[in-house]
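Comments concern the structure below.
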Amino acid sequence: MNNSLKLDQPIRNNWTDWRMMKDNRRRKLLVQHAPERLRMKALRKNDVLPGEITEIGRKMLAELPRDSNITRVRNRCAITSRPRGVVTRWRLSRIVWRSLADYNKLSGVQRAIW
């Protein structure tokens with residue numbers, strides 16, 4: 001049996017769409033630059049230091065990639081990549097979460113029955 005890749009088959013990856021790929025790239029940049037960003041923000045916000053040093057901290061902070069800021073990261077559904085209505089604990093949108101909860105596919109979740 002031949003294990004080579006067939007060219008007529010579509011290539012699948014873990015991403016639902018390009019928005020999810022972009023968000024994942026931003027999360028990686030956030031982790032990579034977090035310690036530097038924290039130090040530079042501390043320099044910039046310090047009132048005791050001279051103005052020249054805080055200005056240096058501001059310039060160094062501006063040189064970091066824009067996507068390494070935490071405000072650029074968006075919580076998205078892991079299945080559909082929907083940006084709104086995400087249940088944080090499961091990283092699923094409310095629509096997917098409800099459909100999975102209906103059929104007991106989520107551990108620790110029981111729909112209200114009365």
Side-chain angles (χ1 to χ4, degrees):
M1 181 167 240
N2 192 1
N3 288 339
S4 64
L5 178 69
K6 293 182 181 179
L7 296 177
D8 58 344
Q9 284 184 334
I11 297 173
R12 296 197 41 116
N13 54 22
N14 296 332
W15 316 116
T16 305
D17 59 357
W18 60 273
R19 292 175 200 94
M20 193 180 270
M21 290 174 62
K22 205 171 185 177
D23 189 58
N24 189 44
R25 187 181 71 236
R26 287 177 177 163
R27 287 175 188 272
K28 286 180 182 177
L29 276 173
L30 175 69
V31 170
Q32 180 182 353
H33 293 285
E36 303 166 45
R37 184 172 284 278
L38 185 67
R39 284 192 295 267
M40 291 175 205
K41 282 177 78 172
L43 276 177
R44 188 178 58 105
K45 290 184 176 184
N46 196 334
D47 294 337
V48 178
L49 295 174
E52 297 85 21
I53 295 177
T54 57
E55 187 64 27
I56 290 171
R58 189 189 62 75
K59 286 181 182 178
M60 289 172 63
L61 194 61
E63 290 173 0
L64 285 177
R66 188 174 284 179
D67 283 343
S68 68
N69 195 353
I70 194 162
T71 58
R72 306 275 291 193
V73 174
R74 179 82 170 151
N75 285 338
R76 292 189 166 273
C77 174
I79 296 175
T80 61
S81 184
R82 181 180 163 88
R84 296 185 179 188
V86 177
V87 181
T88 308
R89 183 174 170 190
W90 286 274
R91 285 190 61 206
L92 298 172
S93 70
R94 59 183 174 80
I95 301 164
V96 174
W97 186 87
R98 185 173 178 187
S99 65
L100 291 175
D102 281 341
Y103 297 103
N104 297 327
K105 301 290 183 187
L106 297 175
S107 63
V109 175
Q110 183 179 7
R111 290 288 307 274
I113 301 168
W114 60 82

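Position 1 is the first residue of the sequence, and the numbers go up from there. Just so you know, these numbers come straight off a predicted model, no measurement behind them.
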Atom pair CH2/OG of Trp90 and Ser107 - distance to nearest 0.5 Å
7.5 Å
Asn24 side-chain N/O to Arg27 backbone N/O, donor-acceptor pair under 3.5 Å
no
Any side-chain heavy atom of Leu30 within less than 4.5 Å of one from Asn69?
no
Would you say that Val109 contacts Trp97 through its side chain, given a criterion of any heavy-atom pair below 4.5 Å between the two side chains?
yes
Within residues 57-75 or reaching into it, pairs that qualify as salt bridge (Lys or Arg N to Asp or Glu O under 4.0 Å) - sequence neighbours excluded:
Arg25-Asp67, Arg26-Asp67, Glu55-Arg58, Asp67-Arg72
Quick check: closest heavy atoms across Ser93 and Arg82, and the distance to 0.1 Å?
CB-CD, 3.7 Å
Are Cys77 and Arg91 side-chain neighbours, meaning at least one heavy-atom pair lies under 4.5 Å?
no
Is the backbone of Ile79 close enough, under 3.5 Å, to the side chain of Thr16 for a donor and an acceptor to pair up by distance?
yes
side-chain hydrogen bond (donor to acceptor under 3.5 Å, both in side chains) partners for Asp102, two or more places apart:
Arg111
In Å and rounded to the nearest 0.5 Å, what is the CG to CD distance from Leu64 to Glu36?
5.5 Å
Distance check, rounded to the nearest 0.5 Å: Arg76 atom CZ versus Ser81 atom OG?
4.0 Å
When rounded to the nearest 0.5 angstrom, what is the spacing between CZ in Arg37 and CG in Leu61?
5.0 Å
Would you check, one step at a time, whether the test side-chain contact (heavy atoms from CB on, under 4.5 Å) holds for Lys41 with Leu38?
CA-CA 5 Å; Lys41 282 177 78 172; Leu38 185 67; 5.8 Å; no
Roughly how far, to the nearest 0.5 Å, is CG of Leu43 from CD1 of Ile53?
7.5 Å
Rounding to 0.5 Å, atoms CG (Leu92) and OG1 (Thr80) come to a distance of 8.0 Å
Hey, quick one: are Val96 and Leu106 part of the same hydrophobic cluster, counting side-chain heavy atoms closer than 4.5 Å, chains of contacts allowed?
yes
